[in-house]
Amino acid sequence: MPLEKKGQPMGKYKYDVVIVGGGPAGLSAGIKLVEKGFKTLLIERGRFCGAKNLFGGIIYTSSIKEIVPEFPEVDNFPAERPVTEEGYFFISKDGVVKILHTKRDPKESYTALRAKFDAFLSDYAIKKGLDIAVKTRVLDLIWEANKVCGVIVDRPTSLEDKTPASIEAKVVVLAEGVNRVLTERAGLVDRTVEPSEVVLAVKEVLQLPKGEMEARLGLGENRGLAIELMGEVTLGLPGTGFLYTNKNTLSFGVGIFLNKLMDLNLKPYEILERAKALSYLRELFNGAETLEYGAHLIPEWGIKAFPKLFGNGVLVVGDAAGLVNPLFREGTNLAIYSGLMASEAIKFAFEKGDFTEKALKRYEELFKESYIYKDMLMIKDLKAILLSNSQLFQVYPELMYQICHLYFSAQGRAKRDVIREILAIIRRKRGLLGLVRDFLKLGRILW
Ligand SMILES: Cc1cc2nc3c(=O)[nH]c(=O)nc-3n(C[C@H](O)[C@H](O)[C@H](O)COP(=O)(O)OP(=O)(O)OC[C@H]3O[C@@H](n4cnc5c(N)ncnc54)[C@H](O)[C@@H]3O)c2cc1C
């Protein structure tokens, strides 16, 4: 399907399955569907798959192997560096406290850049037999009675017939990402997303002079860092920052709940600039050149506000469904697994010759059997806890810095006095009772 120019006629097509969106969810559903023998078309509005996409980020070997079994022994796979060191940096105005875990066998995750990663997956999928139409936006769904039976796109049907082209399909998979417009049109959710249900993340790709990234972060060749940043980096607002090392560049970004940014009338680039002015980051990025800048939403509505995952002739996967686990930084892998489960459910529907909810419910059944469902249930109260406990982002990173600063310095006075001072700081900043309550709240999420 060579559609080089925007607005070029589409023609009339009939497919077994049409997928809307060429991110990891849509592409993995596509790969699995063509492997199962279904005639499948994926429609992506960007110039190429990945052109409009942005993430931190880390990709996980376990999920990649499900769609590219030969990984990592595969030509041109765009993994940047294996993640050999992972952890948290608690950033205060004056400095940083680092918790770093060095991995013995670092083969389970890699840093990556989405434009390259999605483009690789799309080439891989095309070789498997997936039809991909890029530079094409799905405008709406086609309905027959109460069943979705295709999509309407922003291309004319032919040179003579300028009406938007329609493509028929037995099943439509909505892999449209966080802006779930078609998911709403499909009636799978009855309201638009609230600002308190999404995090706005801004990200830069930065390049330091040759050898400086490795020197400043103490990295050897083929070793990579994946760090969550907490505290002043988000101005003490609910959210986190991130720092990942690519082959020759750094991915740095900050994500904050959108409602908080709106309340304070903060612009994305302001947050990033303020964060980069903090002493630790200022030194780290000194002399760096910004190669890319972008912003993207992360769905954090959680399982309590999930859309219905299936309807007559339609399924929703990945971010459009809200499949993100912010506590464990998982998103791409959940998108991939949901694509796999959708393809299984579609196979089941074809076997039954039934494309209504009755057969497509199989997708929800598979989802409920998966670890993802258990994890999403586990973190069901996370958003509420994060939004209503600002001390987690304001008080603790600062407290940790002050405690470490006192503990790790010889000040020519008795250590008992130093410990007394530490306890006094804890009492003043949060109180011992507050401390216990916060740990219990966080603990409740994990067990
Ligand atoms: C800043 C940031 C950091 C992150 N870090 C990580 C990380 O480190 N690790 C991790 O695993 N996850 C991370 N995530 C989450 C991860 O990126 C997402 O969960 C994942 O990409 C979701 O995949 P998806 O295919 O569902 O959606 P997307 O990747 O958003 O893809 C949706 C696609 O649909 C297309 N589309 C939308 N509407 C239409 C339409 N009407 N017609 C045609 N095409 C359309 C879009 O152009 C896009 O290509 C991060 C996210 C962000 C924003």
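The structure presented is a predicted model; accordingly, all values stated were derived computationally and were not measured. In each ligand, atom 1 is the first atom listed, and ligand 1 is the first ligand listed.
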Subject >> Validation row, ring centre F367 to ring centre Y373 under 6.0 Å >> reply: yes
**OP:** Please state which part of A226 comes within less than 4.0 Å of ligand 1, counting heavy atoms only: side chain, backbone, both or neither.
**Re:** neither
**OP:** Just let me know how D319 lines up against ligand 1, side chain, backbone, both or neither, with a heavy-atom cut-off below 4.0 Å.
**Re:** both
Subject >> For T192 against R180, the heavy-atom pair lying closest together >> reply: C-NH2, 4.1 Å
Subject >> Non-neighbouring partners of E214 that pass side-chain hydrogen bond (donor to acceptor under 3.5 Å, both in side chains), sequence neighbours left out >> reply: R81
Original post:
Who are the side-chain hydrogen bond (donor to acceptor under 3.5 Å, both in side chains) partners of E66, not counting sequence neighbours?
Top reply: none
Original post:
Which of the atoms in ligand 1, numbered in the order shown and given with their element, are less than 4.0 Å from a heavy-atom of P24?
Top reply: 21 (O), 23 (O), 25 (O), 29 (O)
**OP:** Using modelled atom types only, decide if a donor and an acceptor are shared between the side chain of D131 and the backbone of L41 within a distance under 3.5 Å.
**Re:** no
Original post:
Within 45° of the six-membered ring axis of F306 and under 6.0 Å from that ring's centre, is NZ or CZ of K304 located there?
Top reply: no
Original post:
Taking the six-membered ring of F71, is the NZ or CZ of K65 close enough (under 6.0 Å from the centre) and on axis enough (within 45°)?
Top reply: no
Under a heavy-atom criterion of less than 4.0 Å, does [X] contact ligand 1?
X	answer
T136	yes
G22	yes
G253	no
R137	yes

**OP:** Kindly identify the option in K135, R45, E44 whose heavy atom sits closest to atom 33 (C) of ligand 1.
**Re:** E44
Original post:
Out of V317, I298, I336, whose heavy atom is nearest to atom 53 (C) of ligand 1?
Top reply: I298
Original post:
Any nitrogen or oxygen of T332, main chain or side chain, under 3.5 Å from a nitrogen or oxygen of ligand 1?
Top reply: yes
